[in-house]
Structures are given as C-alpha cells and as structure tokens.
Peer 1: 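Can you keep this structure in mind? I'll have questions shortly.
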Amino acid sequence: MTLPALPLFFRLDGRPVILIGAGEAAEAKRRLLERAGAVVVGESDGAALAIVVDDDAAVARLKARGVLVNAVDRPELCDFTLPAIVDRAPVIVAIGTGGASAGLAAALRQRLEAMLPARLGRLAEALHAARGAWRARYPEAGERRRAIGAALAAGGALDPLLDHGDAPDAGPSRAGGAAGIVTLRLRSADPDDLTLREARALANADRVTHRAGVSPAILDRARADAVRIECAAPPLDAAPGLTVDVEML
C-alpha cells in the first residue's frame, strides 16, 4: 500500500518560513512556527516553506517559485499538511489525516496526551546518555537492539508509558525489570475508577500485597501470573521485582 504522504520532521530553528494571511487561523500558525524556532517572513522573502490562509492566488505564486505550501483548510492545494502534535521534547508525536479531518487528529492527540507521561522526554534523554553503556554491555548490534526493545516493551524496565521520574536510569543495569514497592491507597472498589498510574502499576506488578477489603475486581487488573498476598500491613522490604501494595481507604 502506498503512503498518502511521507511524514517528516523539519528543523526550523533560525530558518525563514513564509506566512500569509490574517485572523485567528494565521495567528495560530504563527505561534506554532515561532515555537519551532522559525523566522516568520513575508511573501517577498526567500524561504522553502510557506503557510497561506485564504489566498489561493498567493498559493499559486509561491508554488510557481518552487516553494512548498500549506494552504490552511484547503488540503487539495497543500504540498504538506501540519499534524496535531503531542510534545514530550525531544519526543514528538505527530498525528496526521492528510487533511481529511482535523477534528479526528485533535481527538487522537487528546487521547495520547493522557497516555504519555509528562516526563517521557527525560527517558529519551537518558537513553541517549546511556548509549555507551548499552554498547559496552551488548557489543553485537542485534543483541543490543533486542535488549533495548525488551526493556521498552509493555511491562519492561523502561516501559515508556510509565513515569520513570526526573532523572531516570536508562542503562542496561535496569534491563532485568522494574523493582521496589508502589503503594496504592484507593477510595473506590470499582476498577474503572483507577487512575492511569494505578492501572499501569497493577498491570506491571510481579506481586500484589493487599488488605482484606480490596475487591477481587481491583486485583484482577494485575497480570494473571502476578502473586497475590493478603496481609495485615504493608510490606517492609521490597522483594525482587515490582511489588504493588493496595489498601482501601
């Protein structure tokens, strides 16, 4: 199947981009360009990219000059489209529909905003900083790729959908999996009331310790192979792996 468009990430810091138009739509595009570090210029200036609001004649003139043009709300005239963006710099997630539905792209962006931890970018930076350690531990590229993939997989030590804190350790020493104790104090016995953080913790637990009042529906959110231990008090010491301790308030 042929791609309808090739997704690309352009570095615009300090580079000129033509913006033509006025009103709310043009100002929104100006904010987006300035956020990316672009220098917003007019039609008479030289640039490789342009965004045009409500001016088909300007679109034609710019295309004749070889400029790639985004014509706002006119997908049939666009050389490129602007995606909905989830920003976890340096991680950028872009959702595009080829101009078919900006509303759909926005709805998907909102869902992903809720799923991706705010500090996901710090995990990316930590992985970048740990490249040497990964190469030293796994000199063979294929083995290294598999080890990093396992660590980043759902439930892995570096699962990107978990919040790993301000300064995550992304080195190969963590490849064995998450460890420690996560404490959950719940106010509802309904599993649908679990926060995203609580649901993730249960899904990744190696064992779940809990008081007598915790409902089976909550415990069922843990993996089937996770050990369940009913106890009168929270555990004092962490066993190997990840322990999630649950109590109803």
Side-chain angles (χ1 to χ4, degrees), residues 1-21 23-41 47-55 58-59 62-63 66-131 145 148-149 151-154 156 158-164 166 168 170 196-197 200:
M1 180 178 178
T2 302
L3 283 172
L6 179 63
L8 300 171
F9 289 89
F10 286 100
R11 296 186 183 276
L12 295 179
D13 191 27
R15 302 183 66 175
V17 177
I18 295 168
L19 176 61
I20 297 174
E24 182 180 343
E27 286 306 307
K29 302 307 181 188
R30 180 182 296 275
R31 288 192 297 270
L32 181 64
L33 291 171
E34 291 176 345
R35 184 177 171 186
V39 178
V40 177
V41 299
L49 299 176
I51 297 177
V52 179
V53 180
D54 295 331
D55 193 334
V59 170
L62 290 166
K63 289 191 173 206
V67 178
L68 297 176
V69 179
N70 170 263
V72 176
D73 292 333
R74 298 291 300 277
E76 70 279 5
L77 298 179
C78 289
D79 297 308
F80 67 95
T81 56
L82 297 175
I85 294 172
V86 180
D87 185 359
R88 299 289 187 271
V91 177
I92 303 294
V93 180
I95 307 105
T97 64
S101 175
L104 175 59
L108 292 172
R109 179 189 64 79
Q110 291 167 7
R111 297 283 185 92
L112 290 172
E113 285 280 8
M115 292 173 58
L116 300 179
R119 293 182 284 199
L120 178 61
R122 293 175 187 175
L123 174 61
E125 292 166 347
L127 283 164
H128 180 76
R131 287 181 305 168
R145 183 175 60 254
I148 294 174
L152 290 169
L158 300 176
D159 185 340
L161 295 188
L162 299 178
D163 189 340
H164 296 276
D166 289 324
L196 188 58
R197 172 185 171 274
R200 286 172 180 162

Peer 1: If you take all heavy atoms of Leu123 and His164, which pair is closest and at what distance?
Peer 2: CD2-CD2, 4.0 Å

Peer 1: Among Leu33, Ile51, Val72, find the residue that satisfies the side chain to side chain contact (heavy atoms under 4.5 Å, CB included) test when tested with Leu82.
Peer 2: Ile51

Peer 1: Testing the basics here: between Thr81 and Gly98, what is the closest heavy-atom pair and its distance to 0.1 Å?
Peer 2: CG2-C, 4.2 Å

Peer 1: For the residue pair Gly121 and Val91, what are the closest heavy atoms and their distance?
Peer 2: CA-CG2, 4.4 Å

Peer 1: For Asp55, give me all partners under salt bridge (Lys or Arg N to Asp or Glu O under 4.0 Å), at least two apart in sequence or on another chain.
Peer 2: none

Peer 1: Let me have the donor-acceptor pairs involving side chains of residues 11-21, under 3.5 Å, with sequence neighbours excluded, atom names and distances please.
Peer 2:
none

Peer 1: Under a 4.0 Å N-O cut-off, is there an ion pair linking Glu113 with Arg109?
Peer 2: yes

Peer 1: I need the Asp54 CG to Asp73 CG distance, nearest 0.5 Å.
Peer 2: 7.5 Å

Peer 1: Considering only heavy atoms from C-beta outward, does the side chain of Ile95 approach that of Pro83 to under 4.5 Å?
Peer 2: no

Peer 1: Can you give the donor-acceptor pairs under 3.5 Å from side chains of residues 99-107 to other protein atoms, not counting sequence neighbours?
Peer 2:
from: Ser101; atom 1: OG; to: Leu104; atom 2: N; distance (Å): 3.0

Peer 1: I want to check something: taking the side chain as every heavy atom from C-beta on, are Phe80 and Leu8 in contact at a cut-off of under 4.5 Å?
Peer 2: no

Peer 1: What residues form a salt bridge (Lys or Arg N to Asp or Glu O under 4.0 Å) with Asp163, not counting sequence neighbours?
Peer 2: Arg119

Peer 1: List in chain and number order the residues that pass salt bridge (Lys or Arg N to Asp or Glu O under 4.0 Å) with Asp87, two or more places apart in sequence or in another chain; answer none if no residue qualifies.
Peer 2: Arg35

Peer 1: Are any non-hydrogen side-chain atoms of Val93 and Ile85 less than 4.5 angstrom apart?
Peer 2: no

Peer 1: Quick one: does Arg111's side chain have a donor or acceptor within less than 3.5 Å of a partner on Leu108's backbone?
Peer 2: no

Peer 1: Nearest 0.5 Å please: distance from the CE atom of Met115 over to the CG atom of Leu161.
Peer 2: 5.5 Å

Peer 1: Can you name the nearest heavy-atom pair linking Ala89 to Glu125, along with the distance?
Peer 2: O-OE2, 4.5 Å

Peer 1: Where do Leu116 and Arg88 come nearest, in terms of heavy atoms and distance?
Peer 2: O-NH2, 3.1 Å

Peer 1: Of the non-hydrogen atoms in Pro160 and Leu152, which two are nearest, and what is the gap between them?
Peer 2: CD-O, 3.0 Å

Peer 1: Before you tell me yes or no, could you show the steps for Glu34 and Arg31 under salt bridge (Lys or Arg N to Asp or Glu O under 4.0 Å), namely the whole-Å CA-CA distance, both residues' side-chain angles and the distance that decides it to 0.1 Å?
Peer 2: CA-CA 5 Å; Glu34 291 176 345; Arg31 288 192 297 270; over 6 Å; no

Peer 1: I'd like to check the side-chain contact (heavy atoms from CB on, under 4.5 Å) partners of Asp79; sequence neighbours left out, ordered by chain and number.
Peer 2: Lys63, Leu68, Val69

